[in-house]
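Start at 1 with the first residue, then count along the sequence.
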Amino acid sequence: MLRILLRRRKHPLSAQDVTVTDRPAVRKAVSAAALGNTMEWFDFGVYAYLAGTLGKVFFPASSPGAQVVSTFATFAAAFLVRPLGGLVFGPLGDRIGRKRVLAATMIMMAISTFAVGFLPSYHTIGFAAPILLLICRLVQGFSTGGEYAGATTYIAEYAPDTRRGFLGSWLDFGTFVGYSLGSGLVTLLTGVLGTDGLVNWGWRLPFLVAGPLGLIGLYMRLRLEETPAFQREAEQAHHDAEEARAAGGEDPVEEARQSGHGRLKEIFTRHWQAVLICMGLVLLYNVTNYMVTSYLPTYMTETLGEDPLTAQLLVLGTMIVVVLTITTVGRTSDKWGRRPVFMAGSAALILLAAPAVLLIRAGGILLPAFGCLILGLLLVCFAGTSASTLPALFPTRLRYGALSISFNISVSLFGGTTPLFASALVQATGSAMVPAYYLMVAGLIGLIATFFLHETAGKPLRGSGPMVETEEQAQALVAKSRTEAGRRARDIWIRLRHPWARH
């Protein structure tokens with residue numbers, strides 16, 4: 001009994017165990033991480049809104065339906081290499097630091113997006129044109145494999161425990177601001193230049209904006225410091241290595257554990273449950289996300305026959321609603337918890353996806369706008385919560401790698417392929433309700449994943465100590481921990497003196 005009681009005993013926190021965050025550093029970290037997402041999704045917004053135009057530029061010999069499928073196939077191809085990028089950048093970020101990897105991904109994203117604006121058309125160089133477009137998309141997909149997971153990890157490791165949901169939501173705020181800017185620019189160009197002007201030369205302009213955006217993002221990221229959690233982990237690893245060398249050489253077991261192969265093995269053997277939960281939540285978020293942001297404009301124009309400008313304005317208005325509400329959802333998850341928000345959003349998606357699509361099919365302006373609004377409010381439930389939920393699934397030493405791999409496998413298989421599969425299924429079945437059924441399946445999978453999710457709101461990240469905003473909060477936390485430790489010690493003493501007594 002003594003052994004059991006002592007094993008359960010927890011040592012009280014010391015002042016060194018609690019990290020007091022620096023508010024200017026937190027603001028800088030959030031801004032720099034969010035800007036990368038803004039640039040990434042600026043390109044996605046442009047690509048989604050220009051899908052029909054790009055089809056005419058790079059696949060002119062195909063029918064209109066085949067042009068859309070070909071364009072989205074190129075879009076989806078970028079997602080097929082994302083797991084490879086996650087395998088490279090994720091473990092690298094756990095070994096050399098988050099800051100360096102995030103700077104590298106920013107450079108690659110900016111160059112690949114900027115280069116699309118200079119590509120010659122199919123009429124100029126023939127089949128080589130779509131090949132070059134595919135290469136640019138593959139480079140961007142590879143760099144994106146380390147972008148979102150790294151950005152969420154960076155913000156989560158800088159944020160105080162009680163505000164991680166609110167601060168993490170700014171990352172996806174950047175996501176939808178970027179999408180809104182990209183789609184808004186395309187909408188403006190559509191109104192000013194018309195369809196012919198876009199096909200002839202106007203489609204290049206949005207991609208060329210990525211160059212200046214990338215330089216600004218790179219400058220901000222190079223000025224960042226490493227996260228407190230990573231610095232502590234690196235110091236502990238260095239200390240352990242020094243002790244091992246002083247004791248007579250490297251421990252071969254620990255050396256294998258620290259290697260890239262050892263880390264991958266540990267992720268899939270010791271943390272497979274967290275990997276599956278992460279993939280389920282990512283599927284839920286990204287199927288909804290890409291259905292609304294990437295496929296819906298094309299669905300409304302090519303399948304329902306809506307005016308392109310009307311469809312673009314409806315989806316753009318939906319994104320503005322998401323932008324205006326996303327940080328509120330993040331703050332709500334800090335107060336109510338991540339699980340309730342995900343659970344409510346998943347159940348609502350199952351129930352409301354079909355009515356929303358029926359409203360979008362109704363024609364006109366008012367009813368489709370209401371249907372788009374429903375989908376936007378469902379999307380924001382996941383968008384405002386994911387950045388604070390996913391990093392908390394994994395310990396510090398494996399967080400970047402495990403999250404990169406889990407996130408990108410799920411996005412590649414289910415998220416980025418959503419526009420391609422949805423458009424292909426609509427073509428094959430002739431049913432305009434395919435998007436609703438697709439969303440309902442995603443909601444069911446998300447509901448199952450949320451059921452197994454442990455609540456992490458207000459708690460320290462796995463493998464890290466508590467993080468607070470002020471010295472007063474740190475002192476109060478240490479005092480509370482000592483009081484609780486004293487009570488546990490008293491209980492142990494009572495049980496030892498009176499083992500048969502009831503408590």
Side-chain angles (χ1 to χ4, degrees), residues 38-78 108-141 177-217 293-302 306-316 319 419 423:
T38 299
M39 205 201 88
E40 175 188 349
W41 276 87
F42 175 86
D43 173 66
F44 284 149
V46 167
Y47 200 92
Y49 269 51
L50 286 176
T53 301
L54 294 176
K56 296 174 183 176
V57 173
F58 291 98
F59 308 97
S62 304
S63 65
Q67 287 178 356
V68 171
V69 173
S70 299
T71 306
F72 279 134
T74 308
F75 179 83
M108 294 181 67
M109 285 168 52
I111 292 175
S112 58
T113 305
F114 189 58
V116 173
F118 292 97
L119 294 181
S121 68
Y122 185 93
H123 291 299
T124 303
I125 61 172
F127 190 67
I131 296 296
L132 291 175
L133 176 64
L134 177 62
I135 291 173
C136 289
R137 294 295 300 170
L138 291 177
V139 173
Q140 193 200 36
V177 165
Y179 183 90
S180 299
L181 290 175
S183 57
L185 179 57
V186 173
T187 302
L188 178 63
L189 291 174
T190 302
V192 174
L193 302 178
T195 303
D196 292 338
L198 278 181
V199 173
N200 291 333
W201 61 275
W203 65 270
R204 300 180 184 275
L205 297 179
F207 293 105
L208 297 178
V209 176
L213 275 178
L215 291 176
I216 296 172
T293 60
S294 298
Y295 180 62
L296 194 55
T298 304
Y299 171 76
M300 295 175 71
T301 55
E302 302 296 330
E306 293 286 346
D307 176 67
L309 187 59
T310 301
Q312 291 172 357
L313 288 173
L314 285 174
V315 179
L316 178 58
M319 292 303 99
S423 59

F42 and F207: CA distance, side-chain angles, deciding distance, side-chain contact (heavy atoms from CB on, under 4.5 Å) verdict:
CA-CA 9 Å; F42 175 86; F207 293 105; over 6 Å; no

Between CG of L185 and CG of L316, what distance do you get to the nearest 0.5 Å?
11.0 Å

Correct closest heavy-atom pair for G202 and L189 would be O-CD1, 3.7 Å

Let's go through V116 and R204 carefully: what are the C-alpha distance in whole Å and the side-chain angles of both, what is the deciding distance for side-chain contact (heavy atoms from CB on, under 4.5 Å) to 0.1 Å, and is it a yes or a no?
CA-CA 7 Å; V116 173; R204 300 180 184 275; over 6 Å; no

If you round to the nearest 0.5 Å, how far is CZ of F58 from OG1 of T53?
11.0 Å

As an exercise, state the distance from CD1 of I131 to OH of Y122, rounded to the nearest 0.5 Å.
10.5 Å

Please report the shortest heavy-atom distance between P120 and L132, naming the atom on each side.
CD-CD1, 4.3 Å

Check each of L54, L193, V57 against V199 using the side chain to side chain contact (heavy atoms under 4.5 Å, CB included) test, and report the only one that passes.
V57

At their closest point, which heavy atom of L208 faces which heavy atom of F118, and how far apart are they?
CD2-CE1, 3.5 Å

When you look at S423 and Y295, which way does the side-chain contact (heavy atoms from CB on, under 4.5 Å) test go after all the steps?
CA-CA 8 Å; S423 59; Y295 180 62; 3.6 Å; yes

Nearest heavy atoms of V139 and S112, plus distance in Å
CG1-CB, 3.8 Å

Inter-residue atom distance M300.CE - T310.OG1, 0.5 Å rounding:
8.0 Å

Shortest non-hydrogen contact between P308 and T301, atoms and distance
CA-CG2, 3.5 Å

Between T187 and T190, does any side-chain donor sit less than 3.5 Å from a side-chain acceptor?
no

Separation of M108 CE from T113 OG1 (nearest 0.5 Å):
11.0 Å

Please give me the minimum heavy-atom distance between P297 and A311, naming the atom from each residue.
O-CB, 4.1 Å

What distance do Q312 atom CD and L296 atom CG have between them, rounded to the nearest 0.5 Å?
11.5 Å

side-chain contact (heavy atoms from CB on, under 4.5 Å) for F114 and V209? Distances and angles first, verdict last.
CA-CA 7 Å; F114 189 58; V209 176; over 6 Å; no

